[in-house]
Amino acid sequence: MAMIAAKCPEYTILVVDINKARIRAWNSKTLPVFEPGLLELVLSCRGRNLFFSTDIKGGIQKADIIFVSVNTPTKTSGVGAGMAADLQYWEKTAREIKKYSNTPKIIVEKSTLPVKTAQAMEEILKADNDVSFEVLSNPEFLAEGTAVSDLMNPDRVLIGSRETKEGISARSELVDIYAHWVPREKIITSNIWSSELSKLVANAFLAQRLSSINAISAICEKTDAKVDEVALAVGLDSRIGNKFLRASLGFGGSCFEKDILNLSYLASCYNLPEVASYWKSVIEMNYYQKDRFVKKVISAMWNTLAGKKIAILGFAFKANTGDTRESPAIFVAKRLLVEGARLAITDPKATGQAKHDLRGERGDIVYGTDPYNAAKDADAILVCTEWDEYRELDYKRIYKSMRKPAFIFDGRNILDHSALHTIGFNVYPLGSPALTHFAD
Ligand code: UGA
């Protein structure tokens, strides 16, 4: 919304939310999310044509176009628990829009939703109501950490509508907004169901690439191949492409797992069990990769972590964000605590969130932003997030301060492994054999 406000000064953008603290934060200098470039963007138009408030009724009444951006987490109980999207917030919002609307509106689905949700939305909005509504689907493809540049230069903008006269006219209103800064050929339109499905499929394909390269990383570790070299060779085929082929200890984030489970559930509901299990295997491979990483740490350290200090470098699910949702570091930390390890968790942006994620876990955990402190007297270092600053640490100094033998497990393959080995570390890269100082 901030990007639309910045690029379309003739539009007034009202962002409304029931969460007072969050709206207060959006109106302050400390935004509720860390995202490079976002504060500057918000400051460039806040108070001019971008406003944040908790006045939901007023916001709905004044709007001609409403973007529904409520969360759709995975259901935790009832039918479809653990797989299907929980649409309760979305439905409440649809009912509120209906309750307060007295003029025709275009409703834009921004949340990621199962296919055919627009139909349910229409049924709720139109039941027993004279006000006219046109529902569009306009999924968001930005990634965290690069949100502002992704919005500024999107690969594409997708707008789905009903293929009726009213649907097509509503769709062109939205096309006109994006056309303020996105080249026309990148604004694609489709029927509403294709648009809803494309969002799930895009995330499923991205996650599938990650599970594919992570599966290959396991083979590399057994065969003296190096996953980065394999990824380079494979990715140079222009049909495959070189992006999204970085092997890791597993992918995280609030979207991939949820969206694939949702896609897989959808396939089950349409009685397509083979399709459902094909997509579910992407998640299973991700679990395997996280589990494999933990097991590697345990077995390398003689199957006992009790009382050992382990420094975790990075807790966010990826670099340049403070977000830890579904971060592989959560999985790793919990498993290490069960083994009796003492953890020193460090991250430039996510230690507060890490504390929250691990509340209630039993064990010895300290948090801080200084990686040198975290590594002091540690037996092992685990790189869980690919923050640039971890590439540039003084590893000689770190090695000196650690207990020996010192281990380093690079869950993101961002370090110079042979240099670390020369310093004295026992190095466990991802997707290539270990470099140790042990006899075999
Ligand atoms: C993802 C998609 O990339 C966006 O296009 C989509 O709009 C978004 O979900 C969404 O549905 O909201 P995001 O979860 O923010 O974006 O982050 P990604 O960059 O996709 O990273 C996801 C995970 O994959 C991270 O844990 C990251 O470290 C990992 N990853 C990514 C790898 O392990 N290797 C790679 O090569 C790339």
Side-chain angles (χ1 to χ4, degrees), residues 33-36 38 69-74 85 109-114 137-151 153-158 195-217 227-228 230-232 234-235 240-263 282-283 285-290 292-293 313-332 347 349-350 383-388 390 410-414 430-431:
V33 291
F34 166 71
E35 195 58 55
L38 183 59
S69 316
V70 294
N71 58 337
T72 49
T74 305
E109 296 176 343
K110 258 286 169 208
S111 310
T112 302
L113 296 161
S137 157
N138 172 217
E140 186 48 66
F141 296 109
L142 68 78
E144 288 185 33
T146 51
V148 172
S149 63
D150 292 347
L151 287 169
N153 299 302
D155 285 344
R156 78 309 207 181
V157 167
L158 174 60
S195 172
E196 286 181 338
L197 185 59
S198 299
K199 170 65 198 180
L200 294 181
V201 174
N203 274 356
F205 272 47
L206 288 168
Q208 180 203 38
R209 273 173 85 86
L210 299 180
S211 277
S212 298
I213 198 69
N214 286 341
I216 298 305
S217 75
V227 74
D228 291 342
V230 174
L232 177 71
V234 169
I240 296 173
N242 61 7
K243 290 187 184 150
F244 248 70
L245 282 181
R246 261 186 299 108
S248 69
L249 73 164
F251 62 74
S254 65
C255 303
F256 284 168
E257 181 164 323
K258 162 177 90 76
D259 291 352
I260 293 181
L261 290 173
N262 192 343
L263 184 66
V282 171
I283 301 296
M285 181 52 65
N286 197 45
Y287 178 86
Y288 166 78
Q289 185 74 347
K290 293 186 280 189
R292 200 169 74 78
F293 183 73
L313 301 197
F315 208 81
F317 83 95
K318 63 189 270 193
N320 300 317
T321 175
D323 194 343
T324 62
R325 284 176 293 173
E326 303 299 329
S327 176
I330 301 177
F331 177 96
V332 170
D347 188 287
K349 295 283 173 198
V383 178
C384 290
T385 312
E386 72 283 20
W387 287 100
D388 272 345
Y390 298 151
D410 186 355
R412 295 289 186 164
N413 260 359
I414 55 169
L430 211 122

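Residues take their numbers from the sequence shown, with the count starting at 1. First listed ligand is number 1; within each ligand, the first listed atom is number 1.
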Start with the C-alpha gap between Phe293 and Phe331, add the side-chain angles, then the distance that decides, and say whether side chain to side chain contact (heavy atoms under 4.5 Å, CB included) holds.
CA-CA 10 Å; Phe293 183 73; Phe331 177 96; over 6 Å; no
List the atom of Tyr390, the atom of Leu313, and the distance in Å for their closest heavy-atom pair.
CE1-C, 3.5 Å
Please state which protein non-hydrogen atom is closest to atom 33 (O) of ligand 1 and give its distance, to 0.1 Å?
Ser248 OG, 2.9 Å
Please indicate whether any nitrogen or oxygen in Lys199 is less than 3.5 Å from any nitrogen or oxygen in ligand 1.
yes
Under 3.5 Å between any N/O of Glu144 and any N/O of ligand 1: does that happen in this structure?
yes
Atom 8 (C) of ligand 1: closest protein heavy atom, distance to 0.1 Å, is Leu142 O, 3.4 Å
Under 6.0 Å from the CZ atom of Phe141, do we count more than 12 heavy atoms belonging to anything else shown?
yes
Quick one: look up the protein heavy atom nearest atom 35 (C) of ligand 1 and list residue, atom name and how far away it is.
Leu210 CD2, 3.3 Å
Ala143, any N or O under 3.5 Å of ligand 1 N or O:
no
Just do the side chain to side chain contact (heavy atoms under 4.5 Å, CB included) check on Val332 and Lys290 with the steps written out, would you?
CA-CA 7 Å; Val332 170; Lys290 293 186 280 189; 5.6 Å; no
If you have a sec, work out which protein heavy atom is nearest atom 34 (N) of ligand 1 and how many Å separate them, to one decimal?
Arg246 O, 2.8 Å
Expected output: side-chain Asn320 to main-chain Glu35 donor-acceptor under 3.5 Å:
no
Considering only the protein, which heavy-atom contact is closest to atom 1 (C) of ligand 1, and what is its distance?
Phe256 CE2, 3.6 Å
For residues Lys258 and Thr112, report the shortest heavy-atom separation together with the two atoms involved.
NZ-CB, 4.2 Å
Atom 3 (O) of ligand 1: nearest protein contact (heavy atom, Å):
Leu206 CD1, 3.7 Å
If you have a sec, work out which protein heavy atom is nearest atom 14 (O) of ligand 1 and how many Å separate them, to one decimal?
Phe317 CE1, 3.6 Å
Could you say whether the N/O atoms of Phe251 and ligand 1 ever approach to under 3.5 Å?
no
For ligand 1, is any non-hydrogen atom under 4.0 Å from Lys243's backbone (N, CA, C, O), its side chain (CB onward), both, or neither?
neither
Test of understanding: given a 4.0 Å heavy-atom threshold, classify the contact between Leu245 and ligand 1 as side chain, backbone, both, or neither.
backbone
Around atom 12 (O) of ligand 1, find the nearest protein heavy atom and jot down its residue, atom name and distance.
Cys255 SG, 3.0 Å
Locate the shortest heavy-atom distance separating Asp347 from Phe315; write the atom from each residue and the value.
OD2-N, 2.6 Å
So is Gly252 polar-close to ligand 1, meaning N/O to N/O under 3.5 Å?
yes
Glu386 and Ser248: side-chain hydrogen bond (donor to acceptor under 3.5 Å, both in side chains), yes or no, with the steps?
CA-CA 9 Å; Glu386 72 283 20; Ser248 69; over 6 Å; no
To which of Arg325, Glu326, Lys318 does the heavy atom nearest atom 18 (P) of ligand 1 belong?
Lys318
Would Phe141 count as being in polar contact with ligand 1, using the rule that some N or O on each side must be under 3.5 angstrom apart?
yes
Of the side chain and backbone of Thr385, name the one, both, or neither that has a heavy atom under 4.0 Å from an atom of ligand 1.
neither
Atom of Glu257, atom of Ile283 and distance for their closest heavy-atom approach
CA-CD1, 3.5 Å
In Å, rounded to the nearest 0.5 Å, how long is the span from CG of Asp228 to CG of Leu245?
10.0 Å
One residue to check: Arg412. Relative to ligand 1, which of side chain, backbone, both or neither has a non-hydrogen atom less than 4.0 Å away?
side chain
Verdict with supporting geometry, Asn286 and Leu210, side chain to side chain contact (heavy atoms under 4.5 Å, CB included):
CA-CA 8 Å; Asn286 197 45; Leu210 299 180; over 6 Å; no
Answer yes when Lys199 and Glu109 have at least one side-chain N-carboxylate O distance shorter than 4.0 Å, and no when they do not.
no
